[in-house]
Amino acid sequence: MSLSGAYDPANIFAKILRGEAPCAKVFEDDVALAFMDVFPQTAGHTLVIPKVACRTILDFPPDAFGAYMARVQRVAQAVEKAFAPDGVMLIQLNGAPAGQTVFHFHFHILPRREGEAMKGHGKAGMADMAALNAQAAQIAAAL
Ligand code: 5GP
């Protein structure tokens, strides 16, 4: 999928936002929703998506950036507090050649641990929902 094009309201994150698909929810307010990635590349892999319907960083409204990034930072801080990783990695992909697979703008937050390899994007197996819910609760408690 190219960078240009119309927002598809049937994408999986839009369904999660509307409550039509489940997620292991970490945080939600009027600006953003945070939940666990079901194919975690590291333990604790979390996604933060804005409520604005846009596909990539290129079509995200500039005046909404500050509020959204404040949520991304807050969730990253809670991930650090919950899991005490050695590093916290943020990833943000735009367009299929860049690796984007879900066309609703989002940031990935990945706890990184010394000596622990990260699974490839699109190569990780599906996590157990009970384990994801437990991690989501841990992060939520640290918010
Ligand atoms: P992207 O490739 O667009 O940067 O990231 C999309 C992410 O969404 C991927 O890491 C993928 O594992 C995750 N993902 C795909 N489908 C679902 C889903 O149904 N639920 C959740 N929680 N994550 C998903």
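A quick note: this is a predicted structure, and the numbers were derived from the prediction, not measured. Residue numbers run from 1 in the order of the sequence given. One-based numbering, in listed order, for ligands and for the atoms of each. The basis for the numbers below is simple: all heavy atoms, side chains too, and nothing from hydrogens, waters or symmetry mates.
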Can you find an N or O of [X] that's nearer than 3.5 Å to an N or O of ligand 1?
X	answer
Gln100	no
Gln41	no
Val102	yes
Met36	yes

**Asked** According to the interplanar angle, ranging from 0 to 90°, do the rings of Phe60 and Tyr68 count as parallel (below 30°), tilted (30 to 60°) or perpendicular (above 60°)?
**Response** tilted

**Asked** Parallel, tilted or perpendicular for His106 and Phe13, by the 30°/60° rule?
**Response** perpendicular

Hey, is [X] one of the residues with a heavy atom under 4.0 angstrom from ligand 1?
X	value
Phe103	no
Gly99	yes
His121	yes

What protein heavy atom is closest to [atom], reported as residue, atom name and distance in Å?
atom	result
atom 1 (P) of ligand 1	His106 NE2, 3.2 Å
atom 7 (C) of ligand 1	Asp37 OD2, 3.5 Å
atom 8 (O) of ligand 1	Phe13 CZ, 3.3 Å
atom 4 (O) of ligand 1	His108 NE2, 2.8 Å
atom 24 (C) of ligand 1	Val38 CG2, 3.5 Å

**Message:** By the definition side-chain contact (heavy atoms from CB on, under 4.5 Å), identify the one residue from Asp37, Ile109, Leu110 that meets it with Thr42.
**Reply:**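 Exactly one pass, corresponding to Leu110.
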
Atom indices of ligand 1, in the order listed, that fall short of 4.0 Å to a heavy atom of [X]:
X	value
Phe35	21 (C), 22 (N)
Ile12	18 (C), 19 (O)
Thr101	1 (P), 2 (O), 3 (O), 5 (O), 6 (C)

**Message:** With rounding to the nearest 0.5 angstrom, report the CZ to CG distance, Arg71 to Leu143.
**Reply:**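 Between Arg71 CZ and Leu143 CG, I get 11.5 Å after rounding to 0.5 Å.
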
**Request:** Could you tell me whether the side chain of Asp59 and the main chain of Cys54 form a donor-acceptor pair under 3.5 Å?
**Result:** no

**Message:** Donor-acceptor pair, distance only, cut-off 3.5 Å: does the side chain of Arg55 make one with the backbone of Ser4?
**Reply:**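 Judged by distance alone, yes, a pair lies under 3.5 Å.
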
**Item:** Residue portion contacting ligand 1 (non-hydrogen atoms closer than 4.0 Å) for Leu93
**Value:**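 Only the side chain of Leu93 comes within reach of ligand 1.
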
**Validation row, ring centre Phe39 to ring centre His121 under 6.0 Å** = no

Least distance between heavy atoms, [X] atom then [Y] atom:
X	Y	value
Val52	His104	O-CE1, 3.4 Å
Asn11	Asp8	ND2-O, 2.8 Å
Met36	Gln135	CE-OE1, 3.5 Å

